[in-house]
There are 2 protein chains.
Amino acid sequence: MEQVVDTALGVIATEGYEALTMRRLAGALDTGPASLYAHVVNKADLDELLIGRLCAELRLPEPEPAAWREQVSGMCVQMRDQYLKYPGISRAALAMAPTDPEILRVSEGMLAILLAGGVAPQSASWAIDALLLYVAAYCLEISVLDQRKVHDEADWVVDTDELQRRLTALPAETFPHTTRHAAELTAGKGHDRFDFTLSLMIDGLAHR
Amino acid sequence: MEQVVDTALGVIATEGYEALTMRRLAGALDTGPASLYAHVVNKADLDELLIGRLCAELRLPEPEPAAWREQVSGMCVQMRDQYLKYPGISRAALAMAPTDPEILRVSEGMLAILLAGGVAPQSASWAIDALLLYVAAYCLEISVLDQRKVHDEADWVVDTDELQRRLTALPAETFPHTTRHAAELTAGKGHDRFDFTLSLMIDGLAHR
DNA sequence: ACTTGACGCGAACGCTGTTCGTACGTAGAA
DNA sequence: TTCTACGTACGAACAGCGTTCGCGTCAAGT
């Protein structure tokens, strides 16, 4: 069963989550699809196992009260990179009940950081939920965009420059702010947008 | 083609997005699945049309600089309620390119509100992105949970009280904070968590 | 050596999105 | 009026999905 999870993660890492079908996974294990159901109840169950394995590889820091902001954003960056390492897997994370013990472990770790930083328990609890949700959604969006680049024709997907050109070309009377600030709307290399949102939420948490 | 979108929204409203298959939609229109492709290129195209229709029904307020916070959170609440009115449709929203003119209209409206409120253009642009992403993810999570309640056996899904009981029953030495603050972790009726995250981000935006 | 039990897997089911060829209805030309 | 030609609509089919059933095989117990 451990090998099933490992092989599944391998398939996702090289071909994306959409390619992880029971048949494809069975083929990678040199067997038929029916044999998988001896080790796994469901595809949903497999998804849970995958997310659990992902969370198990996250490293929880020892809470340092003075550095709680860096520590919590570091956790989010860890999750982000883990999600992006297995493109599209965040879809499974979004559709999952938070019952898994490995997820609870991560949640416990983040709670410890926030409480050590002096955040109120209620704010900390809800903030963890919001952060995990945002990270998963952010990674899903990125994975979907990357998937489009592979699957569809290249002219259907637009890069940043092309998008900015299109925004500028919009009718200025109905989209005055969009045309004027097309540069800002399309700005952000790498994970600038991610960092911005994280600091937005963490700053909001600190000012409470 | 307008009728196709209307019927599709009707199906989603009563049976959920997962039930919106080409065959089910064709059946609701008293025809076969092949006929749909005369009006719609793809299922992805249909999804875009649905989200476009959804966004078209959003009401953009006239920006009032003093009330920008209430206005932007009001927009998010509008989107949330619209998403929840059609359970699961936020999945389509998350997997979509932001090219649709109706989405641009909403984005333009929110940009106008934030700029009128004195938010820097770069912060406003990124904040809109983050807010839209969070709203979609939040609604997707809710829809998935509701779906589970319908599909699976009732004992697989846990309500708030049961979840709190389980958290409290965890081993206290490995989950000290989770067991102690199980009440806070499971707290929040209605959209309290949603309101919290929104004010978190908007407050962070104001302190910039 | 015979029985029994468990396990693995080929084949099939019902479902999905999508395509192809045909048949029909209509509009224009002779 | 009659014939043609074109565009549209749809029944049937295809490839793929998750999942289940039942048979065959193999190991252990008596």
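Labels below follow one simple rule: chain letters A, B, ... track the order of the sequence lines, proteins then strands, and each chain is numbered from 1. If you're wondering where the values come from, they're calculated on a predicted model, not measured in any experiment. Note that these values count all heavy atoms, side chains included, but never hydrogens, waters or copies made by symmetry.
- The salt bridge (Lys or Arg N to Asp or Glu O under 4.0 Å) analysis of residues 70-90 of chain B, with sequence neighbours excluded, yields no pairs.
- For DNA chain D, none of the residues of residues 87-94 of chain B falls under the heavy-atom distance limit of 4.0 Å.
- Salt-bridge formation is not detected for the pair B:Asp100/B:Arg105: no Lys NZ or Arg NE/NH1/NH2 atom is positioned less than 4.0 Å from an Asp or Glu carboxylate oxygen.
- For the ring-ring contact (aromatic ring centres under 6.0 Å, His included) test, no residue two or more places apart in sequence or in another chain qualifies with B:Phe175.
- The phosphate of C:dG17 has neither OP1 nor OP2 within less than 4.0 Å of any side-chain N or O from B:Asn42.
- Taking 4.0 Å as the cutoff to heavy atoms of chain B, we find the contact window on DNA chain D bounded by D:dA9 to D:dA13.
- How far CD1 of A:Ile89 is from CG of A:Leu9: 5.5 Å, rounded to the nearest 0.5 Å.
- In summary, B:Arg53 and B:Glu102 do not engage in a salt bridge, as defined by a charged side-chain N under 4.0 Å from a carboxylate O.
- Residue A:Thr7 forms a side chain to side chain contact (heavy atoms under 4.5 Å, CB included) with just one option from A:Leu20, A:Leu29, A:Ile12, and that option is A:Leu29.
- The residues B:Glu18 and B:Arg24 are annotated as not salt-bridged, no charged nitrogen and carboxylate oxygen being separated by less than 4.0 angstrom.
- A distance of 15.0 Å separates CZ in A:Arg166 from OG1 in A:Thr178, rounded to the nearest 0.5 Å.
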ring-ring contact (aromatic ring centres under 6.0 Å, His included) between B:Tyr134 and A:Tyr134, worked out: CA-CA 6 Å; B:Tyr134 173 76; A:Tyr134 174 76; 8.3 Å; no
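- Here A:Ser125 contributes atom OG and B:His177 contributes atom NE2; the two are 11.5 Å apart, rounded to the nearest 0.5 Å.
- Rounded to 10 degrees, the angle between the two end axes of the helix from C:dA1-D:dT30 to C:dA30-D:dT1 is 30°, with five pairs used at each end.
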With salt bridge (charged side-chain N to carboxylate O under 4.0 Å, His left out) as the criterion, how do B:Arg91 and B:Asp47 come out once you've worked through the C-alpha distance, each side chain's angles and the decisive distance to 0.1 Å? CA-CA 9 Å; B:Arg91 172 184 310 266; B:Asp47 288 344; over 6 Å; no
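- A heavy-atom distance below 4.0 Å to DNA chain D is reached by these residues of residues 21-40 of chain A, ordered by number: A:Thr21, A:Met22, A:Arg23, A:Pro33, A:Ala34, A:Tyr37.
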Take A:Met75 and A:Leu60 through the side-chain contact (heavy atoms from CB on, under 4.5 Å) test and state the conclusion after the steps. CA-CA 7 Å; A:Met75 289 296 305; A:Leu60 304 182; 3.5 Å; yes
